[in-house]
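What follows is one structure encoded as structure tokens, with my remarks underneath.
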Protein chains: 2
Amino acid sequence: MATIYQVSEMAGVSLSTVSRVLNDNDYVSKKTKKKVLEAMKELGYQPSSIARSLASSTTNSVGILVSELDGPFFGQMMSAIEEHLRIAGKHVIITPGHSDEKKEKSGFEFLIGRNCDAIIAHVEAVSNEYLIELSKGKTPIYLMSRYVKEIEENCISLDNVMGGYLATRAMINKGHKNIAYIAGPQFKEDASNRLKGHKQALAEYNLTFDENLFYIGDFKETGGSDGLRHFIQNKAQITALVCANDEMASGAMKYAREHGFNLPKDLAIIGFDNVIFTNYLYPTLTTIDNPVPEMGRAAANLVLKDIYKKSGITVKHVFQPKLILRDSTPDIN
Amino acid sequence: MATIYQVSEMAGVSLSTVSRVLNDNDYVSKKTKKKVLEAMKELGYQPSSIARSLASSTTNSVGILVSELDGPFFGQMMSAIEEHLRIAGKHVIITPGHSDEKKEKSGFEFLIGRNCDAIIAHVEAVSNEYLIELSKGKTPIYLMSRYVKEIEENCISLDNVMGGYLATRAMINKGHKNIAYIAGPQFKEDASNRLKGHKQALAEYNLTFDENLFYIGDFKETGGSDGLRHFIQNKAQITALVCANDEMASGAMKYAREHGFNLPKDLAIIGFDNVIFTNYLYPTLTTIDNPVPEMGRAAANLVLKDIYKKSGITVKHVFQPKLILRDSTPDIN
DNA sequence: TTGTACGCGTTATCAC
DNA sequence: GTGATAACGCGTACAA
């Protein structure tokens with residue numbers, strides 16, 4: 001591997017000069033710049049990112065901490081962030097936190113230990129206090145899908161209350177009155193906010209929140225099937241089911257069909273997130289769109305602006321969900 | 001940030017000694033080791049991975065090059081690799097190649113430029129020659145789901161011919177004779193091998209391969225719907241549809257239903273990969289299991305063994321697919 | 001078993 | 001504009 005030194009020798013200039021053309025901006029005469037560039041090409045010179053990092057104490061890498069590496073939701077998120085960052089020549093170091101406090105913390109430590117210039121995290125188990133404390137450290141932290149007031153400038157979030165409201169209101173508008181709700185784990189902020197929205201919608205239309213029509217699932221397919229089973233066993237009379245995310249909705253659909261429901265006639269179902277496969281379920285799933293790709297780009301833009309000092313960037317911090325009507329919620333007669 | 005130097009000072013030893021306890025193995029007396037360890041704790045010392053890399057010319061990072069960051073297939077793959085590598089303290093740098101030759105090449109360059117100790121790649125567009133040439137470079141390359149004879153020791157692959165064979169044979173065993181096939185892009189090796197298996201099965205049972213019952217899709221949902229539309233428009237009389245992956249099968253299912261098919265009675269469908277959501281489709285999708293997680297672990301093990309010299313590891317290079325029977329392929333009477 | 005001294009490839013700070 | 005020279009934080013022969 002050719003080093004900056006060989007280049008300087010071949011071009012007949014000093015190390016400093018080579019370093020200058022490498023970092024563009026400085027004052028270098030066009031003539032010498034050209035000489036250096038040619039020498040570089042000649043030698044097939046590739047700057048060492050490591051040495052650069054050591055000297056400049058910046059790694060051009062941003063850490064991404066997500067709950068899972070698989071799953072459509074996180075796939076979209078990572079994809080959007082990576083793509084946007086890569087254009088700027090930055091790279092991502094991804095690690096999963098598995099919605100577990102210890103693992104999330106160790107994920108942060110791992111990323112910080114790798115000297116990431118910044119971290120974009122979608123964490124659910126650690127407390128706000130922990131995050132606030134962490135934000136005081138040397139590595140800037142940005143939060144996806146989470147709003148923490150004290151560091152709101154570093155948060156990109158969705159209005160989940162509104163989303164939950166829209167979902168339930170959609171059912172009400174379709175004429176349903178017996179609406180069951182399968183929530184996500186309540187320690188997760190988005191899950192509890194969606195539930196809040198659900199209750200708001202009920203209240204607005206003078207429907208009472210019934211504990212018998214409420215179940216807390218795990219945000220996975222099993223949560224949906226377990227929830228529906230729970231309602232059936234308790235002989236709950238329901239015509240509509242609101243699920244706090246698409247995976248659970250899909251699990252509920254499957255369970256419903258396996259237990260004699262004729263979908264969507266016997267039971268209207270709505271999900272949340274508008275994950276890709278919702279459109280390929282049968283019936284196609286009505287859901288609430290969660291603009292994950294845009295939010296991912298926003299997060300990337302935030303670090304580009306704050307950390308890498310790119311100019312001309314403005315970012316939106318709070319995004320709005322919207323209702324996507326499909327076949328799983330037909331009009332009732 | 002405390003450096004090795006401060007630790008040495010506090011512990012009253014030299015830099016080398018600190019370095020030694022840092023890297024464990026060397027000869028250090030228990031007494032001094034303890035002193036050093038205490039000093040480290042006292043100072044909250046964290047070794048700089050960058051300086052380490054510069055001095056040792058190894059980064060403890062392995063590059064992962066996948067086609068897409070989202071999608072269930074790659075999600076599983078990345079997850080398995082990351083998890084396994086992380087246990088060994090290595091981290092992954094992930095970047096997508098989008099099944100495009102230029103992007104895949106730039107992905108390799110990117111990863112190599114980052115001084116990854118090794119690269120695990122799932123690439124589809126670059127040629128075998130390119131990969132062989134690349135393998136001669138300083139960064140070892142490992143291939144997922146691809147077999148290149150010249151570097152077979154670095155390949156982890158699935159017996160796709162067998163998989164294709166199993167899929168079609170399953171249909172034949174169910175009593176079907178008019179079996180349509182929607183293939184994946186034929187420049188992708190797995191796609192062409194699956195097709196080969198399909199033809200083998202047909203031949204074995206004395207069925208002729210009919211161009212009218214053949215369509216090349218894009219491995220995505222649209223490929224499935226486009227393919228089925230093609231068959232319908234050409235008035236192909238089919239009772240069974242074999243798709244070269246699950247996404248296409250799901251797209252075909254959706255299209256079939258939208259066009260009056262009563263599934264699974266009117267049309268039996270089988271997919272390939274056994275991606276998570278196949279189990280939540282309606283009807284649940286019969287498919288060929290692609291042991292992606294095991295293969296991911298195998299790849300990770302390979303670099304652990306070859307690059308990081310872990311002992312006691314043996315890895316399987318070629319994996320076998322197997323048939324997963326579900327509801328989309330009922331017995332016919 | 002422990003310490004010395006140099007090298008890894010750049011960036012940054014001064015002079016010139 | 002350009003060139004020395006000192007960091008950056010650690011690994012490692014080599015010597016002791």
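Chain identifiers are assigned alphabetically (A, B, ...) following the order of the sequence lines, protein sequences preceding nucleic acid strands; residue numbering begins at 1 within each chain.
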Note the angle between the end axes of the helix from C/dT1-D/dA16 to C/dC16-D/dG1, five pairs defining each, rounded to 10 degrees. 30°

According to side chain to side chain contact (heavy atoms under 4.5 Å, CB included), who are the partners of B/Glu150, at least two apart in sequence or on a separate chain? B/Ile132, B/Val148

Considering only heavy atoms of chain A and a distance under 4.0 Å, specify the first and last nucleotide of DNA chain C in 5' to 3' order that meet this criterion. C/dG9 to C/dA12

Please name all residues satisfying salt bridge (Lys or Arg N to Asp or Glu O under 4.0 Å) with A/Glu189, sequence neighbours left out, ordered by chain then number. none

In chain order, what residues pass the side chain to side chain donor-acceptor pair (under 3.5 Å) check against B/Gln6, with sequence neighbours excluded? none

With sequence neighbours excluded, tell me which residues meet ring-ring contact (aromatic ring centres under 6.0 Å, His included) with B/Tyr308. none

Tell me if a side-chain donor or acceptor on B/Glu104 pairs with a main-chain N or O of B/Val123 at a distance below 3.5 Å. no

May I ask you to verify if any side-chain N or O of A/Ser14 is less than 4.0 angstrom from the OP1 or OP2 atom of D/dA4? no

Over all strands shown, is B/Thr32 touching base, sugar-phosphate only, or nothing at heavy-atom distances under 4.0 angstrom? sugar-phosphate

Which residue pairs satisfy the ring-ring contact (aromatic ring centres under 6.0 Å, His included) criterion with at least one member in residues 70-92 of chain A, sequence neighbours excluded? A/Phe73-A/His122, A/Phe74-A/His122, A/His91-B/Phe110

Determine, for nucleotides 8-16 of chain D in 5'-to-3' order, which nucleotides have protein heavy atoms under 4.0 Å from the base (write B), from only the sugar-phosphate (write S), or from neither (write -). BBBSB----

Sequence neighbours excluded, the answer for side chain to side chain donor-acceptor pair (under 3.5 Å) partners of A/Glu152 is A/Tyr147

A/Ser106: side chain to side chain donor-acceptor pair (under 3.5 Å) partners, not counting sequence neighbours: none

Report the residues that fulfil side chain to side chain donor-acceptor pair (under 3.5 Å) with A/Thr59, sequence neighbours left out, ordered by chain and then residue number. A/Ser61, A/Asp117

Set of residues satisfying salt bridge (Lys or Arg N to Asp or Glu O under 4.0 Å) with respect to B/Lys188, sequence neighbours excluded: B/Glu124

